[in-house]
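Notes follow the structure.
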There are 2 protein chains.
Amino acid sequence: MTNNGAQAVDRAAQLLTLVVQADEPISFTELYEDSGLARSTTSRLLAALETNHLLERDANGAYRSGALFALYAARHDPWSQVARLADSILRDIGAETGETVNLAIPSGDTVVQIAQVDSTYMLGARDWMQVTVPAHCSALGKVLYAFDALALPSGRLEQLTAHSLSTSDELTSQVATIRRVGYAVTREELEIGLDAAAAPVYGSNGDVIAALGVSGPSTRMRDNLDELGPLLRKHGDALSQLLRRRNRTKGVA
Amino acid sequence: MTNNGAQAVDRAAQLLTLVVQADEPISFTELYEDSGLARSTTSRLLAALETNHLLERDANGAYRSGALFALYAARHDPWSQVARLADSILRDIGAETGETVNLAIPSGDTVVQIAQVDSTYMLGARDWMQVTVPAHCSALGKVLYAFDALALPSGRLEQLTAHSLSTSDELTSQVATIRRVGYAVTREELEIGLDAAAAPVYGSNGDVIAALGVSGPSTRMRDNLDELGPLLRKHGDALSQLLRRRNRTKGVA
DNA sequence: AATGGAGTTCCATATTATGAAACAATCGGA
DNA sequence: TCCGATTGTTTCATAATATGGAACTCCATT
């Protein structure tokens, strides 16, 4: 075993990580069993984490994240933290596709971008960070409708181009396919010459909380949408995995 | 020096706490100097915290809170974390006064309770957690107006009792006093027989983000408002202190 | 009353964390 | 361009600590 002079810190951090990732109270015994450490070592390290406000115990003695985590969370918008966690994944997608990558969340009945990686091409999608668009015209929006993160609209829909969906029946029809294949696409529905694909991102309790998408000129995108969809689904799953609670009863797939 | 078998963990946690409390990038040298540890020890412990996703380094090598904090914050509402951090302070005020204690934040143009400790008396203020009241009728609301957390209303104001403020001029007049003394009071302005006091809570960047208040029957409260105000200001300062960024340039008063 | 489980404390000792010194890289001033 | 100072990293002898098995405490169940 190599010694980098921080074994105790590594072990304590391992226990801490189990608690933060579980995101619900976790017993001493569960931590002892999952960590593989001796009982006395586990007890001592947990006591140190508690003393330093990284963990605390509930009324039943189970452990949960401590005040230092609460302090950090009190000062930071959850969505910007999701964007931060997603950053390397967005960059990977950008590197793989060269196109503009976005992460978006539902807000009321619209879609809001919370992170973007710009295209490496000179002809690329604009900065959508401050732009609100009709959800049914975007791949990101279609995903959020399909996975119940946005309520489906009714009646006639605003058409931004001749290719836009025009009725809620058209949208409802696509929703079933999107749920089945696990991604959505738009072909010049938001703007002539602009195509996009998007896939869902699940939060810690299994609901879809965001959509991960790529957009770019139809001339480059059109023939690749059938590959982009699965790629985005894969990366959406990876981000979902980061956000998912991890403990024994639910497992890490 | 007593040995509880966790000195390395305590030291690592001390460094981690400096970074999380600073809430902006902090250099190796600053951490080394503030911690009192040897350079090599500081370097090794920071590397271990980085490896375990508790810290990360920015492009300039400065340290900031790591992905585990981002994960926690991504999953938790900031306001509920503020309430959690405030919990022991609310309980202290409840113990000292016996009255109902509330923590409230601005939401749009109203006041929303985010935490409450109930009165120990049988005659106590109701559970306000789900109730929206006109801000100008509550001590909490007056504090949020006075410290720019809520925009001052104009024109005539809704009067819930004969004692309620009826014009924005009346409110504006009180605002100057509230700013000067550091707390607000209401005397049967929300409901006949109900008095209250409140003081501001500052967030990490110096703005008022919440108000901390006590309410109860006028028969018990009326003669004590001049003591409750300063008490709430003191506890509001303590909570502000918990939330404030702490680093060298700003100091910890 | 006995037993088993959850969790804590003790302490001999094996192992690790420590910090001074050396080193490397960078920056600013002359 | 050179030099000194500063920032940060790595090495390694050794002092100090973290370890884990055993014993213990407390509690719930039979």
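Residue B/Arg11 places no side-chain N or O under 4.0 Å from the OP1 or OP2 atom of D/dA16.
Look at CG on B/Leu15: it is 13 Å from P on D/dG8, rounded to the nearest Å. For the pair A/Glu30 CD and C/dG5 P, the interatomic distance rounds to 17 Å; values are reported in whole Å. The interatomic distance linking B/Asp10 (CG) with D/dT17 (P) rounds to 12 Å, in whole Å. The OH atom of B/Tyr63 sits 14 Å away from the P atom of D/dT7 (whole-angstrom rounding). As rounded to whole Å, 11 Å separates atom P of D/dG20 from atom OH of A/Tyr32. The distance from atom CD of B/Glu33 to atom C1' of D/dT7 is 10 Å, rounded to the nearest whole Å. As rounded to whole Å, 15 Å separates atom C1' of D/dT9 from atom CG of B/Leu31. Here the P atom of nucleotide D/dG8 and the CD atom of B/Glu50 are 13 Å apart, to the nearest Å.
Judged by a 6.0 Å distance limit and a 45° cone about the ring axis, B/Arg233 is not positioned over the six-membered ring of B/Tyr183.
Defined by atom type and a distance below 3.5 Å, a donor-acceptor pair is missing between the side-chain atoms of B/Glu50 and B/Asn52.
Distance alone, capped at 3.5 Å, is enough to place a donor-acceptor pair between the B/Arg75 side chain and the A/Arg244 backbone. Judged by distance alone, the side chain of B/Ser119 and the main-chain N or O of B/Gly98 form a donor-acceptor pair under 3.5 Å.
Remark: A/Arg64 does not engage A/Glu24 in a salt bridge, criterion side-chain N to carboxylate O under 4.0 Å.
For the pair A/Ala8 and A/Phe28, both in contact range of DNA chain C, the more 5′-proximal nearest nucleotide belongs to A/Phe28.
Residues of residues 36-46 of chain A having a heavy atom closer than 4.0 Å to DNA chain C, listed by number: A/Arg39, A/Ser40, A/Ser43.
Partners of B/Thr51 under the side-chain contact (heavy atoms from CB on, under 4.5 Å) rule, at least two apart in sequence or in another chain, do not exist in this structure.
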